[in-house]
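Reading through the C-alpha cells given below for one structure.
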Amino acid sequence: MSTATIERVSSATAPLVEFRDVGMTYDDGTVALEHVDIEVRRGEFVTVVGPSGCGKSTLLRIAAGLEANTAGSCETRTDRVGFVFQDATLLPWRNVEKNVELLAELGGLPGAARAAAARSAIDLVGLAGFEKSMPRQLSGGMRMRASLARSLTLDPDLFLFDEPFGALDEITRQRLNDELLRLFDQRGFGGLFITHSVAEAVYLSTRVVVMSGRPGQIVDVVDVPFDTPRDPEIRFTSEFGALVGRVSHALKEAHT
Ligand SMILES: Nc1ncnc2c1ncn2[C@@H]1O[C@H](COP(=O)(O)OP(=O)(O)OP(=O)(O)O)[C@@H](O)[C@H]1O
Ligand SMILES: [Mg+2]
C-alpha cells in the first residue's frame, strides 16, 4: 500500500503533484479510482470533470494527504497546499477578517504577519470593505471569496478546488472564474480543480481531464490552447465551442 507523500518542491520542473496508476478502494470494498495518471506543474491549471461518485473528491483528498491511495503512487512535492471546498466552511461566529486569518493562525503565524496576510488576501479577492461583516451578512459569492482568501494566506504552491462555485448563479460564477484566473496569473500556482460545468472547465484550464463513472478512470485529456489572461469573449468563439463539445462527448460516452 502506498500513501501520499508530502515533501518540499525538489525541482522547479518536477510536478507539484503526480498521480501514477493510482487506485483507491475504501475499507467497505467500494472501488473509487483505478489507474489514474495526472500531474500538475506550477503554472498549470488542470480540471477534472466526471459523473457524480466517480472519485473526484477522493482524488483531491489523496493529493492533499488526507486520504491514502491503495494502489499506485501519489507524490505531492510541496507542503503549501490550499484546499477550497464546495461549501465556504466559514466559522459563523467570526467576521470575514477573522475567518480569513484562521489558517495562518493555526499555522502559528504571529499576529501582525497574520493580519497583513489576511488584508492582502481580502484585497485580492475583492472583499475590501467587508472585513468586519459576519458570514450570515454575505452573499454566497462573497462567502466563497472569503474562503478563497483564507487559503490564499498560505500562499499555496498547489491549489485544490472541489466544485467551489457549483452553488452560485451563472454570472457570479463567471465573475469568480475571472478572478480566479487573475490570481492564477499573478501567483503562478498549480491548480487542480473539480467541476461539473464543462464550460467552466474549458474556460479555466490549461488541461481538462475527463473521467468515467465509478470506478473513476481517465477517458480523455484535452489540452486547452488559449493564452492567459483570458478574454471572457473567448466563450463565444467556435474554438471554445469545439473544446466544450469534445469534453461533453467524452463525458457522455463514459456515462453510457
Ligand atoms: N469514506 C468513504 N468510505 C466508503 N466509500 C466512500 C468514502 N468516501 C467516498 N466513498 C465512495 O467513493 C466513491 C467516490 O466518491 P467521491 O466523493 O470521491 O465522488 P465524487 O466524484 O467527488 O462525487 P460528486 O461529484 O458527487 O462530488 C463514491 O461511490 C462514494 O460513495
Ligand atoms: Mg465530490
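All ligand and atom numbering here is 1-based and tracks the order in the structure. We use all heavy atoms of the structure for the numbers below, so side chains are in, but hydrogens, waters and symmetry mates are not. Position 1 is the first residue of the sequence, and the numbers go up from there. This is a predicted model, so every value here is computed, not measured.
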For [atom], what's the nearest protein heavy atom and its distance?
{"atom": "atom 25 (O) of ligand 1", "answer": "K56 NZ, 2.7 Å"}
{"atom": "atom 23 (O) of ligand 1", "answer": "G53 N, 2.8 Å"}
{"atom": "atom 31 (O) of ligand 1", "answer": "T30 CG2, 4.9 Å"}
{"atom": "atom 5 (N) of ligand 1", "answer": "Y26 CD1, 3.4 Å"}
{"atom": "atom 26 (O) of ligand 1", "answer": "S52 OG, 2.5 Å"}
{"atom": "atom 17 (O) of ligand 1", "answer": "S57 CB, 3.8 Å"}
{"atom": "atom 16 (P) of ligand 1", "answer": "T58 OG1, 3.7 Å"}

Heavy-atom gap [X] to ligand 1 smaller than 4.0 Å:
{"X": "H196", "value": "yes"}
{"X": "R61", "value": "yes"}
{"X": "E163", "value": "yes"}
{"X": "G50", "value": "no"}

ask   = Under the 4.0 Å line, does any protein heavy atom show up next to atom 10 (N) of ligand 1?
value = yes
query = Does atom 14 (C) of ligand 1 have any protein heavy atom closer than 4.0 Å?
reply = yes
query = With no hydrogens and no angle check, is any side-chain donor or acceptor of R80 less than 3.5 Å from a backbone partner on D157?
reply = no
Heteroatom distance test (G55, ligand 1): nitrogen or oxygen, under 3.5 angstrom = yes
Heavy-atom side-chain proximity of E67 to Y26 below 4.5 angstrom = yes
inquiry  = Only heavy atoms of R214, strictly under 4.0 Å: list the atoms of ligand 1 that pass.
reply    = 13 (C), 28 (C), 29 (O)
request  = Fit a plane to each ring of F45 and F189, take the angle between them on a 0 to 90° scale, and name the class: parallel (under 30°), tilted (30 to 60°) or perpendicular (over 60°).
outcome  = tilted
query = Quick check: does S52 put an N/O/S atom under 2.8 Å from the Mg ion (ligand 2)?
reply = no
Other residues, nucleotides, ligands: >12 heavy atoms within 6.0 Å of [X] [atom1]:
{"X": "D28", "atom1": "CG", "result": "yes"}
{"X": "H249", "atom1": "NE2", "result": "no"}
{"X": "R41", "atom1": "CZ", "result": "yes"}

query = Looking only at heavy atoms, is any part of D28 under 4.0 Å from ligand 1, and if so is it the side chain, the backbone, or both, or is it neither?
reply = side chain
Inspect the contact between [Y] and [X] and indicate whether a charged nitrogen and a carboxylate oxygen are less than 4.0 angstrom apart.
{"X": "E18", "Y": "R77", "answer": "yes"}
{"X": "E39", "Y": "R20", "answer": "yes"}
{"X": "K56", "Y": "D162", "answer": "no"}

message = I need the minimum non-hydrogen distance between M211 and A254, along with the two atoms involved.
response = O-CB, 4.1 Å
Residue from D220, V49, V224 passing side-chain contact (heavy atoms from CB on, under 4.5 Å) with V247 = V49
